[in-house]
There are 2 protein chains.
Amino acid sequence: MNTLAEENYLKSIYHLSLTTQNVSTNQLAALLNTKAASVTDMVKKLADKQLINYARYQGVSLSASGEKIALQIVRKHRLWEYFLVEKLHFKWDEVHEMAEEMEHISSKELVDRLDKFMNFPKYDPHGDPIPDSDGNFNTHELKPIATIGVNESGIISGVRDHSAGFLQYLEKQQLTIGKKIKVTEIIGYDNSMILQANDKQIHISREVANNLLIVI
Amino acid sequence: MNTLAEENYLKSIYHLSLTTQNVSTNQLAALLNTKAASVTDMVKKLADKQLINYARYQGVSLSASGEKIALQIVRKHRLWEYFLVEKLHFKWDEVHEMAEEMEHISSKELVDRLDKFMNFPKYDPHGDPIPDSDGNFNTHELKPIATIGVNESGIISGVRDHSAGFLQYLEKQQLTIGKKIKVTEIIGYDNSMILQANDKQIHISREVANNLLIVI
DNA sequence: TAATAAATTTAGACAAGTCTAAATTTCCAT
DNA sequence: ATGGAAATTTAGACTTGTCTAAATTTATTA
């Protein structure tokens, strides 16, 4: 169908499109660990295949068909992550690299059966929504803890930083998906926060507060 | 680690080595759906990496390290096939292509956990033995039904032809792994056989008898 | 608004893996 | 034992995806 490289470009464009409407060559190069010149080449090929919209010097966006493909890849990635954590008992910081490979297994029937096997999960182990067979997914309102004030509370529901280091830190602090937290104090000096969670006080930096997402 | 193409070459050499000690360029080209010239090129690269033994015009064989890699790929292929049939309820004739992709997922930890998740199966859905984490596997004595005589019996335990067409035929005749069969008659004219199986008489051609394997 | 910096694209090259056509080696039958 | 057929290898070319270096376009800022 599409090559491995093409799939990775579409996926990366999809992710970057969530926060930018026209994704730049440099953004893609950074995310894909390649050079801007290589991105330009590839982007031309994807445009020829009508998978993206591209105008020289103006960045790219996904076409309808490109987005459809990207969503199927995201679906596979998140379902396999769920499988690895729920069935094979990997930790949430261990599954990303494996899912990066597994997301390219092509059979749609396979992924649909995997979905059913796991009872149609709605969120992956990091709280990201899993698109269904048609590409639709829940969009609950997630906001960084940093955006709420003292005495406000919420439920940990996602992360903005998916790095193993951050996930391990959260695990150690028991700040995991589903936990209820309440902000008890904000330190004016560095904007760090003290949270009430698991019947304990936990002090988190501004950076952590920016990368940990809750629903209210 | 190794490229996709390299892994496929090693796997093919492994399979052909089961019946030939020096695998020829043409054999490989046929199995890999490529041309002899391409095989020669690739075989040189694998020899440079010490994964195979190769002398011009003399065919190839796996080195110890090459065999180790090949066995890990075979292990992954068969475990994923088992997963697809036992957990996702695919039919035995549907899983080969999917497993061809899945066998290249690299994580050893993943495949070992998959193995455990399924309770360390010893045979895949077609009766082929699954190597364990160290590459060791059962070698039970399998022989084609064609090699036994009237009134002799055995248990269906494997196939020599893995094509979907053959597997579907067997499924329809209920000649599946584990079934007990007895030869009640051999037709001299075309060497076809009449079997007693599932309390029924089943007439199979010589070709089928050659491709269906039993243990006695 | 002109000049400089930053971003992007073009040009030309390279590695992996494949191909066709031609050359070489091996094998087999006489 | 040798001549031709079959198998294999070599030579040269192509595609995909990448790279560096140079050229071009866009953005910034003075």
Side-chain angles (χ1 to χ4, degrees), chain A residues 1-17 19-62 66 69-70 73 100-101 103-104 106, chain B residues 1-17 19-62 66 69-70 73 100-101 103-104 106:
Chain A
M1 179 98 80
N2 301 288
T3 68
L4 186 59
E6 285 171 345
E7 291 198 349
N8 284 330
Y9 271 83
L10 292 176
K11 183 184 54 158
S12 295
I13 295 167
Y14 174 80
H15 286 310
L16 292 171
S17 291
T19 49
T20 326
Q21 77 279 40
N22 264 8
V23 176
S24 76
T25 301
N26 264 358
Q27 278 179 294
L28 272 173
L31 189 56
L32 285 161
N33 248 293
T34 183
K35 298 300 156 73
S38 310
V39 172
T40 300
D41 288 345
M42 198 63 186
V43 133
K44 283 192 218 161
K45 291 177 196 164
L46 293 171
D48 285 347
K49 290 188 166 194
Q50 322 256 351
L51 297 172
I52 62 174
N53 310 116
Y54 169 60
R56 274 156 82 254
Y57 296 100
Q58 305 306 308
V60 302
S61 62
L62 290 173
I69 293 168
I73 298 166
E100 288 285 302
E101 293 182 55
E103 72 192 4
H104 301 290
S106 59
Chain B
M1 178 98 79
N2 301 289
T3 67
L4 187 60
E6 284 172 346
E7 290 198 349
N8 284 331
Y9 271 83
L10 292 176
K11 183 185 55 159
S12 294
I13 294 167
Y14 173 81
H15 286 310
L16 292 170
S17 292
T19 50
T20 326
Q21 77 280 38
N22 265 7
V23 176
S24 75
T25 301
N26 264 359
Q27 278 179 293
L28 272 173
L31 189 56
L32 286 161
N33 248 295
T34 182
K35 297 300 156 74
S38 309
V39 172
T40 299
D41 288 345
M42 197 63 184
V43 134
K44 283 192 217 161
K45 291 176 194 163
L46 292 171
D48 285 348
K49 291 188 167 194
Q50 321 257 348
L51 297 172
I52 62 175
N53 311 115
Y54 168 61
R56 274 157 80 256
Y57 296 102
Q58 305 306 307
V60 302
S61 62
L62 290 173
I69 294 168
I73 299 166
E100 288 285 302
E101 293 182 56
E103 73 191 2
H104 301 291
S106 58

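Residue numbers start from 1 in every chain, and the chains themselves are labelled A, B, ... in the order their sequence lines are given, proteins ahead of strands.
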Given C/dG17, is OP1 or OP2 found less than 4.0 Å from the side-chain N or O atoms of B/T3? yes
Are there more than 12 heavy atoms of other residues, nucleotides or ligands under 6.0 Å from atom CD of A/Q50? no
Which residues, if any, of residues 45-55 of chain B bring a heavy atom under 4.0 Å of DNA chain C? B/K45
Please name the pair of heavy atoms, one in B/N22 and one in B/Q58, separated by the smallest distance, quoted to 0.1 Å. ND2-O, 3.1 Å
Rounded to the nearest angstrom, tell me the gap between atom CD in A/E7 and atom C1' in D/dG17. 15 Å
Does the side chain of B/S38 get closer than 4.0 angstrom to OP1 or OP2 of C/dT18 through an N or O atom? no
Looking at B/Y9, does any N or O in its side chain come under 4.0 Å of the phosphate oxygens OP1/OP2 on C/dA16? no
Indicate whether OP1 or OP2 belonging to D/dT10 is found under 4.0 Å from a side-chain N or O atom of B/R56. yes
Pull out every residue in residues 22-36 of chain A that has a heavy atom closer than 4.0 Å to any atom of DNA chain C, ordered by number, or say none. A/S24, A/T25, A/N26, A/A36
Any side-chain heavy-atom pair of A/K11 and A/E100 under 4.5 Å: yes
Compare all side-chain heavy atoms of B/V43 with those of B/T25 and state whether any distance is below 4.5 angstrom. no
Is there side-chain contact between A/L28 and A/V23, with at least one heavy-atom pair below 4.5 Å? yes
Rounded distance [0.5 Å steps], CG in A/L51 versus CD1 in A/I13: 9.0 Å
B/N2 side chain reached by B/Y9 side chain, heavy atoms, under 4.5 Å: no
From CG of B/N8 over to P of C/dG17, roughly how many Å is that when rounded to an integer? 11 Å
With side chains defined as the heavy atoms from C-beta onward, is the minimum distance between A/I69 and A/Y14 less than 4.5 Å? no
Gap between atoms NZ and C1', on B/K44 and D/dT8 respectively (whole Å): 11 Å
Between B/Y57 (OH) and D/dT8 (P), how many Å, whole number? 10 Å
I'd like to know if the side chain of B/S24 reaches the main chain of B/Q27, judged simply by a donor and an acceptor atom lying under 3.5 Å from each other, with no hydrogens or angles considered. yes
What is the minimum heavy-atom distance between B/K35 and B/A29, and which atoms define it? C-CB, 3.8 Å
Between P on C/dT18 and CG on B/L4, what's the gap in Å once rounded to a whole number? 9 Å
Hey, does A/E103 have a side-chain heavy atom less than 4.5 Å from the side chain of A/N8? yes
Figure out the CG/C1' separation between B/D41 and D/dG12, and round it to whole Å. 11 Å
Degree of bending, the helix from C/dT1-D/dA30 to C/dT30-D/dA1 (end axes from five pairs; round to 10°): 0°
Residue pair A/M42/A/A37 against DNA chain D: nearer the 5' end by closest nucleotide is A/M42
